[in-house]
Amino acid sequence: MQDLKKVDDIAKKYAEMNTPLIYILKDVQKEFGYLSQPILTQVAQVTDIPLSEIYGVATFYSLFTTKPKGKHIVRCCNNAPCFVNGSKEVLEKIKEYLGIDTGETTEDALFTLEFTSCLGLCAVAPVMMVDDEVYGNLTPEKAVAILKDYKMKGSSNA
Amino acid sequence: MHRIHILIAMDSHTLAQGARAVKDALLKDLSLAGLSDEVKVVETGSLGIYKKGVVLVVFPDNIYYTGVTVENVAEIVSEHIVKGRIVEKLKYSKAPGTEVKVQEKAPRFGKQLRVVLRNAGIIDPESIEEYIAHNGYEALGVALTEKKPNDILEQVKASDLQGRGGAFFPTGVKWGFAAREKAEQKYIICNADEGEPGTFKDRLILEGDPHAIIEGMALAGYAVGASKGFIYIRGEYHMSIARINRSIEQARENGLLGEKIFDTDFSFDIEVREGAGAYICGEETALIESIEGKRGEPRDKPPFPPSEGLWGKPTIVNNVETLANIPQIILNGPEWLQKLGTEASPGTKVFTLVGNINNPGLIEVPMGITLREIIYDIGEGIPQGNGFLLAQLGGTTGGILTAEQLDLPLDTDNLRKIGAGLGSGALLVVDDTHNVVEVVKNFVEFFNHESCGKCTLCREGTGRLYELLDKLVSGQGVLKDVDLIERLAKTMMTGAFCGLGQAAPVPILGCLKYFRQEFEKMVNTEQKSVSAVV
Ligand SMILES: Cc1cc2nc3c(=O)[nH]c(=O)nc-3n(C[C@H](O)[C@H](O)[C@H](O)COP(=O)(O)O)c2cc1C
Ligand code: FES
């Protein structure tokens with residue numbers, strides 16, 4: 001059972017802030033990994049914001065997720081500046097290596113692959129983000145090598 | 001006293017190329033060599049050199065090294081720092097001048113002119129003392145102690161500064177609307193939601209010179225009578241968020257934000273709000289909705305934010321670059337800005353040069369420069385000797401320029417004549433190894449992903465356009481599809497609710513105008529007689 005009390009603590013942290021819903025959801029997601037229905041219901045209760053509105057917000061922004069995700073989130077940029085520098089090939093190779101499509105999670109729950117819009121790193125395109133780390137000047141081979149590193153770290157921690 | 005200073009560029013680009021590990025290695029090697037007391041390593045913002053790996057400068061020798069890795073740090077320490085011998089193989093020959101003074105041309109920057117970026121890569125952005133040493137907060141001091149709010153407003157008006165968020169609305173006029181509103185509370189919002197593909201000028205200003213933004217916001221607050229500001233930053237911009245938060249703290253500690261600034265009656269404070277991943281939140285009313293904790297969907301206009309914005313109060317929304325210009329205008333006077341650039345577009349413009357280009361990155365040039373100068377002089381041309389296919393100016397919703405326009409002076413008037421604009425300042429160069437239709441499909445993929453869903457035309461239109469283009473690219477298209485793409489794009493342009501849906505067709509129609517044959521070439525000849533099925 002998830003400890004929904006933590007939601008109350010997080011909401012309390014923002015008591016002074018005007019309209020803090022997005023901040024509360026961010027912290028709650030950090031705590032629980034994703035925004036499940038019981039969690040959002042709890043947020044609605046402590047903030048007195050209608051659940052429908054909270055759902056509206058949780059599904060609008062791409063940094064929020066209402067489904068469980070892998071341990072590492074791989075976000076690939078495929079916007080035009082990355083695209084003309086070969087991001088499509090990088091993305092294809094990553095899909096092949098992980099064996100999943102964008103929006104999916106690997107069976108071992110280690111990686112979720114997502115799109116991101118331009119990360120403002122186009123001078124070192126193509127670019128991807130793994131969790132909070134950014135990687136530039138990618139080639140298909142480099143990208144796979146980076147993911148291999150995460151995989152090794154992932155299995156040694158387990 | 002430190003004998004040597006090593007400046008290492010710590011911006012998001014160099015971090016993506018391993019700058020953190022290099023700095024750690026550098027500190028370790030210096031300490032092993034017993035030089036920690038003699039050599040100071042300073043983190044700085046972007047040094048203006050991109051795609052060349054980790055960059056550092058050794059002072060007082062003024063030697064730039066690029067492509068520095070953990071492996072060759074030891075050599076720099078043992079050779080250059082200890083023995084004074086320059087490591088030639090890492091030396092960057094086209095190094096910029098160190099003191100890039102306003103209105104002075106620095107060597108490597110050639111045709112560049114740095115006003116907004118004058119401090120980036122020169123001062124330590126984490127040090128308020130260095131900003132102050134470079135005339136920082138002087139404009140605010142002068143304004144608060146010697147001038148009336150209306151004087152500041154008039155100066156900004158007289159400078160004709162135009163907003164750098166994309167629409168080029170006159171900043172002074174916008175401020176005037178808010179200034180004449182009678183309200184208990186007004187707000188200044190700095191729009192740092194930069195999400196336009198190919199655009200990272202705001203990111204580098206935030207990382208390289210955060211105090212200029214704070215000072216610009218405080219001046220705006222003084223001019224229009226606002227005591228509270230918000231900086232709305234993209235949630236993905238971790239480093240910018242950290243730097244701006246630290247700078248706000250420093251400004252508060254130094255009495256430059258908070259109550260009774262410079263012992264006057266003026267109080268102003270700033271709160272940072274992070275976005276959560278939605279391109280549309282860069283649109284000012286969607287941004288306001290987002291700060292209010294809602295879905296970031298644009299509002300009906302009017303009322304415009306200067307009369308009714310955040311929580312219903314008069315609100316100025318200005319772009320990062322716009323605000324970073326303000327202290328300089330107050331310090332140097334409005335005429336100074338007009339002397340730069342062209343009559344139609346005073347001042348400099350920060351561009352981000354991206355795509356198929358040898359020397360990509362952030363450049364600041366006077367308005368009126370040509371595309372050819374930017375691509376072939378500053379950008380050092382197209383890699384592998386490939387030819388020029390097209391450029392897109394202003395981000396993914398920007399207009400298309402072809403070889404015909406290489407010599408057109410870039411200012412707002414000239415661009416308007418050909419249906420383009422400077423927009424966010426992103427300049428995407430595409431070489432002739434690319435197929436135009438695939439590039440357009442890539443643009444539309446972005447719109448389809450980022451359409452906020454509020455209006456049907458944009459939500460459905462971007463989806464159908466994507467399908468049609470996909471059909472063409474995969475060889476299933478028929479001739480009628482090309483017409484359908486054009487009609488759909490034109491309908492969206494006139495009927496969509498906000499700037500996203502209205503501007504998304506711009507590059508599609510631009511490419512159709514110049515490269516229609518390329519679209520028609522993609523049509524499946526066997527199906528040419530079959531009517532379009534969508
Ligand atoms: C879809 C869309 C996205 C936008 N994104 C941004 C943005 O990322 N940053 C920005 O400063 N302005 C953006 N704008 C423009 C803002 O609505 C607004 O005009 C601007 O922040 C005003 O600042 P300025 O007067 O200093 O240019 C966007 C507009 C639209 C329609
Ligand atoms: S387009 Fe990929 S980082 Fe900008």
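Below, chain A is the first sequence line, B the second, and so on; all start at residue 1.
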**OP:** Mark yes when over 12 heavy atoms from residues, nucleotides or ligands other than A:Lys93 sit less than 6.0 Å from its NZ; otherwise mark no.
**Re:** no

**OP:** Find the one option among A:Leu21, A:Leu121, A:Val134, A:Ile24 whose heavy-atom pairs under 4.5 Å with chain B are most numerous.
**Re:** A:Leu121

Original post:
Around atom NZ of A:Lys88, are there more than 12 heavy atoms of other residues, nucleotides or ligands at under 6.0 Å?
Top reply: no

**OP:** Please work out which of the three classes, parallel, tilted or perpendicular, describes the rings of A:Phe83 and B:His434, given edges at 30° and 60°.
**Re:** tilted

Subject >> A:Leu119 versus B:Tyr237, closest heavy-atom pair with distance >> reply: O-CE1, 3.7 Å

**OP:** Could you have a look at A:Gly136, A:Cys77, A:Ala58 and say which one has the most heavy-atom pairs with chain B under 4.5 angstrom?
**Re:** A:Gly136

Subject >> Inter-residue atom distance A:Met129.CE - B:His238.NE2, 0.5 Å rounding >> reply: 3.5 Å

Original post:
Given that the side chain runs from C-beta out, which part of B:Glu194 has a heavy atom under 4.5 Å from chain A: side chain, backbone, both or neither?
Top reply: neither

**OP:** Decide side chain to side chain contact (heavy atoms under 4.5 Å, CB included) for A:Thr59 and B:Arg295; before the verdict, give the C-alpha distance in whole Å, the side-chain angles of both, and the deciding distance to 0.1 Å.
**Re:** CA-CA 9 Å; A:Thr59 52; B:Arg295 289 167 70 90; 3.9 Å; yes

**OP:** Go through B:Cys281, B:Ala426, B:Ala276 and name the one with the most non-hydrogen pairs under 4.5 angstrom from chain A.
**Re:** B:Ala276

Original post:
So how far is it from A:Cys122 SG to B:His13 NE2, rounded to the nearest 0.5 Å?
Top reply: 6.0 Å

Original post:
Between A:Tyr61 and B:Lys294, what is the shortest heavy-atom contact and its length?
Top reply: OH-O, 2.7 Å

Original post:
Once you round to the nearest 0.5 Å, how far does OG of A:Ser62 lie from OH of B:Tyr279?
Top reply: 14.0 Å

**OP:** Please report the closest heavy-atom contact between B:Gly355 and A:Val84, naming both atoms and the distance.
**Re:** CA-CG2, 3.7 Å

**OP:** Give the member of B:Gly235, B:Pro383, B:Ser12, B:Gly296 that has the highest number of heavy-atom pairs under 4.5 Å with chain A.
**Re:** B:Gly296

Original post:
Do you know which of B:Cys452, B:Gly453, B:Gly361, B:Ser290 has the most heavy-atom pairs under 4.5 Å to chain A?
Top reply: B:Ser290

**OP:** Please look at B:Leu353 and chain A and tell me whether the side chain, the backbone, both or neither of the residue comes under 4.5 angstrom of a heavy atom of that chain.
**Re:** neither

Original post:
When rounded to the nearest 0.5 angstrom, what is the spacing between NE2 in B:His449 and OG in A:Ser117?
Top reply: 5.5 Å

**OP:** Indicate the atoms forming the closest heavy-atom contact of A:Ala80 with B:Leu428, along with that distance.
**Re:** CB-CD2, 3.7 Å

Original post:
Just how far is it from atom CZ of B:Arg273 to atom OG1 of A:Thr19, taken to the nearest 0.5 Å?
Top reply: 4.5 Å

Original post:
For the residue pair B:Val272 and A:Tyr23, what are the closest heavy atoms and their distance?
Top reply: O-OH, 3.3 Å

Original post:
Any side-chain donor paired with an acceptor under 3.5 Å for B:Glu236 and A:Thr116?
Top reply: no

Original post:
Taking every heavy-atom pair that is under 4.5 Å apart, which of B:Ala278, B:Gly198, B:Gly275 has the most such pairs with chain A?
Top reply: B:Gly198

Original post:
Just how far is it from atom SG of A:Cys82 to atom CG of B:Asn442, taken to the nearest 0.5 Å?
Top reply: 9.5 Å

**OP:** Tell me, for A:Asp132 versus chain B, whether the close heavy atoms (under 4.5 Å) come from the side chain, the backbone, both or neither.
**Re:** both

Original post:
Based on non-hydrogen pairs under 4.5 Å, which of B:Glu438, B:Glu274, B:Glu297, B:Arg234 is most in contact with chain A?
Top reply: B:Glu274

Original post:
How close do B:Pro197 and A:Asn79 get, heavy atom to heavy atom, and via which atoms?
Top reply: CG-OD1, 3.4 Å

